[in-house]
Trainee: 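Here you go, one structure.
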Amino acid sequence: MQCPTQGEGSVFCEDINLHLDESTHDVEDDHDEHHYFDLLKQLEFEELPSHICSHEGLSKKLGEVLNQKHALQQSSLIGNLKRLNQLSTDTFYMEYGCGKGELSRYVNLCAMRESEGQSSGYGFGFIDRGVNRQKVDNRLIKDCKEKGITPIVKRSRIDIKDLDVSKFLQATNAEKVMIISKHLCGVATDLTLCSVLKSDLISKSQFQGMLIAMCCRHVCSYASLLPESKRYLACMGFPSSKSFDVLKKAVSWAVSGDDSDKAKLGLVARRIIDESRAIAMQKRLKNYNVELFKYVERSTTLENVCLSITNASA
């Protein structure tokens with residue numbers, strides 16, 4: 001069923017997720033970018049674990065499409081939802097940066113294969129600031145109808161920075177909420193993290209977790225990082241917006257497609273930004289497991305890193 005109509009203004013709160021607090025304090029920085037590039041050359045990280053999964057619910061699609069890039073990513077994300085015990089018809093999935101909502105449609109098809117029956121709060125929430133044609137909302141409802149399932153489906157055309165998650169979830173009856181995305185571009189990832197922390201999802205024990213494939217760190221914003229992310233970056237030698245600009249410049253080299261020294265520096269810069277997010281959320285969410293991992297091969301996409309957050313007590 002469609003959720004009762006709520007005007008966009010009811011979920012709109014201007015810039016609510018731009019900052020977790022009012023502090024946008026920056027520090028003076030006398031170093032030039034060469035200093036920070038030299039620092040990147042000295043840093044090393046252990047290889048991220050790989051959880052390259054698949055789900056049989058997408059085997060038909062993989063057999064039909066010539067360009068399998070997107071299908072492989074969708075299949076692995078859904079396979080990881082299953083690995084993390086987060087694929088079920090008792091969950092309300094919010095797809096951030098959803099576009100047409102194709103990922104959610106396949107999550108739905110696979111969840112129906114995994115579960116019998118449904119909870120009253122089963123459904124999908126679509127979040128995107130763009131105008132999207134060929135949306136899958138009605139197709140998703142039709143897929144469910146064939147299985148005798150009635151999902152809640154709600155869509156808001158809104159920028160994540162302005163999204164009041166608590167208000168969005170009103171009238172959904174959602175008891176378990178899982179946030180998903182492929183790909184969540186640049187600052188949108190940090191806005192999404194903030195949107196969870198600004199909501200009452202955690203205090204109401206609704207937040208099951210998050211599974212998002214990240215991309216485009218070159219369009220991140222230092223001002224929108226969580227405070228703990230900034231502290232981690234400072235500990236790693238990048239204490240200012242000026243130093244963060246160097247990281248943003250370097251991360252584009254990680255998707256250059258070659259194996260040059262610059263590409264290696266780009267991967268280190270990308271890892272620093274991603275680790276800052278994971279560590280910040282782990283400090284905030286003591287009862288959750290937070291993990292960074294590779295969810296597809298680099299031959300599928302160079303943007304192959306995923307962030308998962310799961311309720312440790314679930």
Side-chain angles (χ1 to χ4, degrees), residues 43-58 62 68-88 91 93-97 103 106-107 110-111 114 178-186 188-190 192-193 196 207-217 220 225-226 228-229 232-233 236 247 251 254-255 257 263-264 266-314:
L43 297 176
E44 294 183 1
F45 290 92
E46 292 184 2
E47 189 78 9
L48 284 175
S50 292
H51 296 300
I52 301 172
C53 299
S54 62
H55 196 282
E56 59 272 17
L58 269 75
L62 286 167
Q68 298 195 335
K69 173 181 175 179
H70 295 296
L72 287 170
Q73 292 173 65
Q74 291 163 347
S75 184
S76 185
L77 288 172
I78 296 169
N80 272 289
L81 282 175
K82 181 177 179 178
R83 175 180 69 86
L84 297 166
N85 297 316
Q86 300 297 334
L87 187 62
S88 173
T91 301
Y93 296 92
M94 289 184 65
E95 185 180 353
Y96 280 58
L103 175 60
Y106 290 114
V107 167
C110 295
E114 298 291 332
M178 188 78 187
I179 292 170
I180 58 174
S181 185
K182 178 196 107 32
H183 285 109
L184 202 52
C185 186
T189 293
D190 303 296
T192 297
L193 300 178
V196 171
F207 185 54
Q208 284 297 106
M210 179 183 295
L211 184 70
I212 55 175
M214 301 170 291
C215 70
C216 302
R217 283 70 162 189
C220 289
L225 294 173
L226 296 176
E228 293 85 356
S229 290
Y232 171 81
L233 291 173
M236 296 297 289
L247 290 177
V251 292
V255 292
K264 293 175 183 176
L267 289 171
V268 172
R270 184 171 80 176
R271 181 69 177 273
I272 293 171
I273 293 174
D274 290 349
E275 289 286 348
S276 79
R277 293 160 163 169
I279 287 172
M281 292 304 283
Q282 190 67 81
K283 288 182 179 295
R284 291 270 175 175
L285 304 176
K286 302 296 186 183
N287 296 323
Y288 289 76
N289 296 321
V290 181
E291 183 181 17
L292 293 169
F293 59 90
K294 293 183 285 189
Y295 78 104
V296 289
E297 301 287 358
R298 279 177 61 84
S299 57
T300 301
T301 176
L302 296 175
E303 296 281 21
N304 65 338
V305 178
C306 198
L307 170 67
S308 71
I309 302 174
T310 52
N311 192 334
S313 61

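Note that the structure is predicted; figures quoted are calculated from it, not measured.
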Trainee: Taking atom CD1 of I273 and atom CG of L233, what is their separation to the nearest 0.5 Å?
Mentor: 7.5 Å

Trainee: Just verifying a value: how many Å separate Y96 OH and T192 OG1, rounded to the nearest 0.5 Å?
Mentor: 5.5 Å

Trainee: Nearest 0.5 Å please: distance from the CG atom of N311 over to the CG atom of N85.
Mentor: 11.5 Å

Trainee: Between the side chain of N304 and the main-chain N/O of K294, is any donor-acceptor distance below 3.5 Å?
Mentor: no

Trainee: Considering only heavy atoms from C-beta outward, does the side chain of I52 approach that of T300 to under 4.5 Å?
Mentor: no

Trainee: Taking S276 for the side chain and S229 for the main chain, is one N or O donor matched with an acceptor at less than 3.5 Å?
Mentor: no

Trainee: Excluding sequence neighbours, so at least two apart, what forms side chain to side chain contact (heavy atoms under 4.5 Å, CB included) with N289?
Mentor: T310, A312

Trainee: For residues E291 and P49, determine if any side-chain heavy atom of one lies less than 4.5 Å from a side-chain heavy atom of the other.
Mentor: yes

Trainee: Could you pull out all residues at least two apart from A111 that satisfy side chain to side chain contact (heavy atoms under 4.5 Å, CB included)?
Mentor: L87, T89, Y122

Trainee: According to the side chain to side chain donor-acceptor pair (under 3.5 Å) rule, which pairs have a member within residues 72-84, sequence neighbours left out?
Mentor: K61-Q74, Q73-H183, Q73-Y295, Q74-E102, S76-N80, N80-R83, K82-E114

Trainee: Checking L285 now: which residues fulfil side chain to side chain contact (heavy atoms under 4.5 Å, CB included) with it, not counting sequence neighbours?
Mentor: L197, I202, F207, M281, Y288, I309

Trainee: If the condition is side chain to side chain contact (heavy atoms under 4.5 Å, CB included), which residues does V255 pass it with, not counting sequence neighbours?
Mentor: R270, L302, E303

Trainee: So L84 and H51, do their side chains get closer than 4.5 Å, heavy atoms only?
Mentor: no

Trainee: If the threshold is 4.0 Å, N to carboxylate O, is there a salt bridge linking R277 and D274?
Mentor: yes

Trainee: Roughly how far, to the nearest 0.5 Å, is CE of M236 from CG of L43?
Mentor: 4.5 Å

Trainee: Check L211 against C306 and note the closest heavy-atom contact, atom names and distance.
Mentor: CD1-SG, 3.5 Å

Trainee: Can you find a pair of side-chain heavy atoms, one from Y106 and one from H55, that are under 4.5 Å apart?
Mentor: no

Trainee: Within the 4.5 Å heavy-atom criterion, are L77 and I180 side-chain neighbours or not?
Mentor: no

Trainee: Indicate yes or no for a side-chain donor-acceptor contact from R271 to the backbone of E47 under 3.5 Å, with no hydrogens or angles considered.
Mentor: no

Trainee: Output the distance between atom NZ (K182) and atom SG (C215), rounded to the nearest 0.5 Å.
Mentor: 9.0 Å

Trainee: Applying side-chain hydrogen bond (donor to acceptor under 3.5 Å, both in side chains), can you list everything that pairs with K283, at least two apart in sequence or on another chain?
Mentor: none

Trainee: Please report the shortest heavy-atom distance between E275 and F45, naming the atom on each side.
Mentor: CG-CE2, 4.2 Å

Trainee: Would you indicate whether the side-chain heavy atoms of L307 and L193 approach each other to under 4.5 Å?
Mentor: yes

Trainee: Calculate, to the nearest 0.5 Å, the distance between atoms CD and CE belonging to Q208 and M210 respectively.
Mentor: 12.5 Å

Trainee: For a 4.5 angstrom cut-off between non-hydrogen side-chain atoms, does M214 reach L184?
Mentor: no

